[in-house]
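Remarks on the structure that follows.
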Amino acid sequence: MSFDLSYILLVEDDPDDIVLVRRSLTKSGWQQGLKVVNDGELAMEFLSTAKPLPSLVLLDLRLPRKSGIDVLKWLRAQPQLSSLPVVVLTHSEEGMDVERANTIGVTAYLNKPVMLDDLMRILQRPDVIAGSSGTHACPPSPPIH
Amino acid sequence: MLAVPFRADHELPRQAAVAPPTTYFGGRWHTALVYLAAIAAVLVAALVRAALARALSGSAPLLVFVAPIFIAGYLGGLGPGLFATVLGAGIGSYWFVDITGTSQLDIREYVRIGVFLAEGVLISVLCEGLHRARRRAERNLANFRDSEAQMRLLIDATTDFAIYMLSRDGRVVTWNQGAARIEGYAAEEIIGQHVAIFFPPERPERAMEVLAEAANTGRFEEQGWRIRKGGTRYWADVVITPLRDDHGEIGGFAKVLRDATARREAEQSIADREARLRAILQTASNAIIVINRRGIITSFNPSAERVFGYLADEVTGKNVSILMPEPNQSEHDRYIADYFRTGEAKIIGNGRQVLGLRKSGSTFPAELSVAEMTVGGERMFTGVIRDLTEQQRTEQTLRESLRRFSELAESMPQVVWITDASGTPTYFNRHWYDLTGQTPEQACSPRWIQAIHPDDVALAQEQWKKAVATGNALEIEFRLCRASDGEYRWFLSRGNPVRDDGHIVQWFGASTDIHERKTAQEVLEQRVQKRTMQLVQANEELRAFSYTVSHDLRAPLRTLHGFGRAMVEDYGPGLDETANDYLRRMVAATARMDRLIADLLEYSQLSQSELRAEPVSVVTVIHELISQLPAQDDSRVPQVMVTEPLPWVYGHRPTLRNVLGNLLSNATKFVPEERSAAVRIYGEDANGTARIFFEDNGIGIPAEHHRRIFQPFERLHPPGTFPGTGIGLAIVQRGVERMGGKVGVDSSVGRGSRFWLELPAVPGSMPSE
């Protein structure tokens, strides 16, 4: 596990949401890069081999192939990933899924569409990004596209 | 001069009283003394004659000898009288009649002696009569003395009668055992008391009236109430007789009294019984006629008068045969004679139907029963006659109506039936037999039920049992086997109890063929079932559809909203004010639409999903909600004050959160612009029902809208005045109701509102009020 701030992994299939997340992240001043995967399978594949690991996973629950819940379950079952902060992106009507996610272990929730101020609030929480806000100078990682 | 009973002077007086009466002049010594006295008297007479011899010379030689005859006759009667006569004649003739001295037979001397003897005999006879009379008188006197003593003893010993003497002024003088027993007083306490003591206290003067009446009429007799010692009453039978002395003056009264209470009661009860019997005879609805052994009517009661048309006086003493038509009329005397000869009764003891003959000459059917009795040694017959005219008419009417009923029942298109009280058939019309092919023996027995389809028997029997037990009308549907083709057809059977005097005596009913209707109904039911299935399926599809639609609708909407906001944020500064305004309106509209879809979704889901209740801490939910409370658009911060503790309730946690969230949002929403929202939340536990109150400082709601605001899409204000979709309170109401609670509002315009909800409280979660 890296002590340096690393990139953020976004698991999302909706291109509009990806654009909006990326836009808010850019606006927030995040510089450590963003890696996007489009379904649950890919997310699991990526995470099992990722070096370094992301500092945060933004996880949509409604995903093709493997759902967000499945990803979360798998993630929490991996020793090297179990303490990885995960922020679940939700729609307000997905109450049941949120509840299930809660029992598995979620760091925070973010309502979609992801807007700047909500994202800022999340990123400033110490349990989400260890240490502080995204103003740290860190080794650059995959750039934000 | 009471003779001393010489044999019994040392015995009991009672036995002395019954000893034979003794004779005063009895004993030989006495007879001898009388004869000696006669001799002495003759000798004295002879001496007297001798002394007078000179004065008398030869005349009346025998005159002095008459005196001894009187003396002897007086003392001894005939025997001594004759003895003195003969002795006197002998001595007188010898000494004083000169028979021998003159030696010539002087006829006068013999005549003289003869006259003397004749006088002597006459005197003796007379003396004998006198003597006997005196002896009888003395004997009578003795007898009388004896019987008086006996009478006194008898009276004294009498216990059944009170016999006593009263003085002239009515005081008790003597008292016997009977008086003591009946009246209760001992002799020593009552003697000297006035007779008034025996009379009832209400009329004490009655005592003197009674004595006066006895004195006036010579005898008083009555039956009446008297008082015995101690005050109890008894019915006395009294006779009072005045006692008069030799001069006819009343010296007192003799009273004889008997306690007749028991006899009076017996007489009373006999009289009562007779009165009752008479009343029965008088009022009996049947004619009752009594005849003697010769067939003569001795009694004819009023009903008999009514039935036969004779007055009792007209027929009493006539032969009973006048009350019957021929041939019985001429035969009746023979019937009686035959009965006495053979002892074979034809009617006595068993009633029979006969014809009666009225005075008018018409006859009538009657039921006659005769009883025999012996009264005062004579055999009598009592006949009870019931006029059957009316009964036969009724029977005729009944037969007629039965015939009509039967015709009606047979012509009915339904099965008509009658059962007894227990439900066993007693009648079916022809339809039943045509339909089922049963015989009357089968049908009118518990086996009738074999005509019913085996699957319907149990239900039919159960329904029958219920109807019989409750007495309610019966309605059963069952299939009956049509004998002609073996097909089972549906019948509706309806029955009603027929009551007599409140008790069910039979059931009356009809069974109608409802096969066509029933099968049509079954088809209909199947169709309904199918439709329902389709409906359920459609509903399910609709739900899935609505979920998908709302979800899929919302995703692009949010994207639209997101990009709109991004546009404003990123490029707003480069655009003019109008462009910015348009953009903001677009963003606001998408937000509203998103909210609307979300609420609709929630509302529709509330009515569908099953809500499982669990204990929920209201205060925890409310704190969560407060923390998520969005800031008002215009940065006015709502103040929420929670008064703890709040109760725990049984509810569905997500629904409850939804409900409370809506109430909270509602409470903060309707606030006039010039002030910030202030909400007070508090609760109570009222006997197991938790109440949560949301009190706000909002604009308030007019009373007429208190119900309306809980309807979906009801908004009291034009869109834009206050935020919201108009579904929030509808969600609140439906959510609370689905959890088994209630919701309401107390409010008036300008004074804020207080919304409340009630849910089952978790016991002990909050101090009960």
Side-chain angles (χ1 to χ4, degrees), chain A residues 10-30 34 36 38-39 58-64 67-69 87-103 106 108-122 125 144, chain B residues 543 546-573 587 590-591 593-606 608-612 614 624 627-628 630-631 652-658 661-662 665 725 731 735:
Chain A
L10 173 62
V11 189
E12 175 61 80
D13 60 328
D14 187 325
D16 290 339
D17 280 329
I18 294 169
V19 170
L20 284 171
V21 167
R22 181 170 286 137
R23 174 253 169 192
S24 294
L25 208 53
T26 308
K27 282 261 168 189
S28 74
W30 178 260
L34 179 72
V36 178
N38 295 120
D39 69 47
L58 296 174
L59 180 64
D60 185 21
L61 290 181
R62 295 164 65 93
L63 291 168
S67 76
I69 296 290
V87 171
V88 165
L89 306 180
T90 68
H91 289 136
S92 56
E93 78 276 17
E94 292 164 341
M96 290 288 281
D97 289 345
V98 171
E99 266 179 48
R100 284 173 66 194
N102 246 338
T103 63
V106 172
Y109 296 93
L110 202 49
N111 272 330
K112 292 207 284 187
V114 176
M115 301 313 291
L116 176 59
D117 41 3
D118 299 333
L119 186 69
M120 290 289 280
R121 253 201 315 275
I122 291 291
R125 279 169 57 167
I144 298 167
Chain B
R543 204 171 66 167
S546 73
Y547 183 84
T548 311
V549 163
S550 60
H551 187 267
D552 293 353
L553 270 180
R554 287 180 79 187
L557 196 62
R558 286 209 200 101
T559 308
L560 195 62
H561 182 249
F563 281 109
R565 279 179 67 183
M567 183 85 177
V568 172
E569 285 167 15
D570 296 358
Y571 303 101
V587 169
T590 51
M593 185 161 174
D594 183 55
R595 189 66 238 148
L596 181 62
I597 294 171
D599 283 354
L600 268 177
L601 191 67
E602 241 171 45
Y603 186 68
S604 70
Q605 277 174 343
L606 263 183
Q608 286 160 357
S609 50
E610 194 64 37
L611 303 183
R612 249 181 322 114
E614 56 180 339
E624 271 174 36
S627 70
Q628 292 166 12
H652 182 245
R653 193 182 170 83
T655 306
L656 187 64
R657 180 207 295 270
N658 201 342
N662 270 299
S665 127
T725 57
I731 290 173

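These values consider heavy atoms only, across backbone and side chains, with no hydrogens, waters or symmetry-generated copies. Predicted, not measured: the structure shown is a model, and the values here were computed from it. Order of the sequence lines fixes the chain letters, A, B, ..., with proteins taken first and strands second; residue numbering starts at 1 for each chain.
- Closest of all the heavy-atom pairs between A:V19 and B:F563 is CG1-CE2, 3.7 Å.
- One distance of note links CG of A:D14 with CZ of B:R558; it measures 11.0 Å at 0.5 Å rounding.
- By the salt bridge (charged side-chain N to carboxylate O under 4.0 Å, His left out) test, B:D570 pairs with A:R23, A:K27, sequence neighbours left out.
- Heavy atoms closer than 4.5 Å to chain B are found nowhere in A:V114, neither backbone nor side chain.
- Under the side chain to side chain donor-acceptor pair (under 3.5 Å) criterion, B:T559 pairs with no residue at all, not counting sequence neighbours.
- In terms of heavy-atom proximity, B:A566 sits nearest to A:L20 at CB-CD2, 4.2 Å.
- Side-chain atoms of B:R565 and A:D117, non-hydrogen and from C-beta on, do get closer than 4.5 Å to each other.
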